[in-house]
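A short write-up of the structure that comes next.
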Amino acid sequence: MGARTPLIAGNWKMNLNSEESVNLVKALKEGITGNEGVDILVSPTFVNLAVVKLSIGDSGILLAAQNMHYEKNGAYTGEISSQMLLDVGCTHVILGHSERRSIFKETSEFINHKAKAATEMGLIPIVCIGETIEEREAGNAFAVIKDQLNGSLKNFKDVGKLPASTVLAYEPVWAIGTGKTASPEQAQEIHLFIRQWITDNFNPETASQIRILYGGSVKGDNASELMGKPDIDGALVGGASLTADAFLPIIKFKEN
Ligand code: 13P
């Protein structure tokens with residue numbers, strides 16, 4: 001894993017009310033020592049970002065939103081801007097999650113605008129990519145990942161610079177919420193491909209610095225094997241990030 005500090009990120013999706021969110025952060029704070037050797041991030045719903053930020057206090061837990069619009073403000077009913085996310089204390093924003101791509105029909109082009117806007121405003125994007133089971137079984141996994149990278153990071157390619165703080169998350173759609181985890185070998189193969197894509201489109205130094213997370217049915221009992229692979233730099237966790245009992249063992253994967 002080299003010098004890359006693992007990032008363990010909890011994507012709470014459309015779950016947990018304000019009290020449950022605050023209680024979960026409280027339990028995480030009680031459960032961590034600060035010596036886990038990982039960065040920890042939580043991503044509540046928009047409406048709970050402010051209370052979660054208060055609850056995080058000075059614990060060092062990072063805060064991400066699950067989506068944003070690329071404009072700073074204006075007539076975009078129902079949307080949230082990067083400035084608003086910064087204002088409530090977010091450092092990161094998840095972009096292009098497969099649920100946004102598939103259910104809300106977000107395209108890589110749209111995600112690209114968001115990733116550019118987030119970076120320009122000082123938010124770190126966590127850009128998600130991943131193939132469906134049909135695409136994998138047709139032998140197209142690598143082609144799909146490459147297309148999503150080319151499209152979702154187009155602006156960075158155009159200017160020839162991808163900030164080293166950018167986070168990528170490989171989430172095979174067939175492994176999300178299904179209990180089917182990609183094997184550590186399957187995940188490593190794609191992560192290596194993504195890192196090579198960064199080298200080819202930017203430079204080896206950027207490629208060696210960027211964190212590439214794995215997401216899809218990560219649990220306490222498979223985290224350490226996944227994280228043991230050289231190009232897997234952390235996890236984007238859905239279901240198992242909703243309770244401290246399930247999330248803490250992932251945060252503490254190095255103890256296994
Ligand atoms: P699960 O961990 O529930 O499979 O979800 C993964 C995910 O989509 C995280 O963004």
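Throughout, numbering of the chain's residues begins at 1 and tracks the sequence. Ligands are counted one by one from 1 in listed order, and the atoms in each one are counted from 1 as well.
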query = Hey, are Glu131 and Trp174 close enough side-chain-wise for a donor-acceptor pair under 3.5 Å?
reply = yes
Under 3.5 Å donor-acceptor pairs involving side-chain atoms of residues 116-128, not counting sequence neighbours:
| unit_1 | atom_1 | unit_2 | atom_2 | d |
| --- | --- | --- | --- | --- |
| Lys116 | NZ | Glu120 | OE2 | 3.1 |
| Thr119 | OG1 | Ala115 | O | 2.9 |

ask   = Can you pull the residues with any heavy atom under 4.0 Å from ligand 1?
value = Asn11, Lys13, His97, Glu171, Ala175, Ile176, Gly177, Gly216, Ser217, Leu236, Val237, Gly238, Gly239
query = Which pairs count as side-chain hydrogen bond (donor to acceptor under 3.5 Å, both in side chains) when at least one residue sits in residues 76-105, sequence neighbours excluded?
reply = Lys13-Glu99, His97-Glu171, Arg100-Glu106, Arg101-Ser108, Arg101-Ser152
key: Pairwise side-chain contact, Tyr170 with Leu236, heavy-atom cut-off 4.5 Å (strictly under)   = no
message = Using every non-hydrogen atom in the two residues, find where Leu248 and Ile32 come nearest and quote the distance to one decimal.
response = CD2-CG2, 3.8 Å
message = Which residues pass the salt bridge (Lys or Arg N to Asp or Glu O under 4.0 Å) test with Lys180, not counting sequence neighbours?
response = none
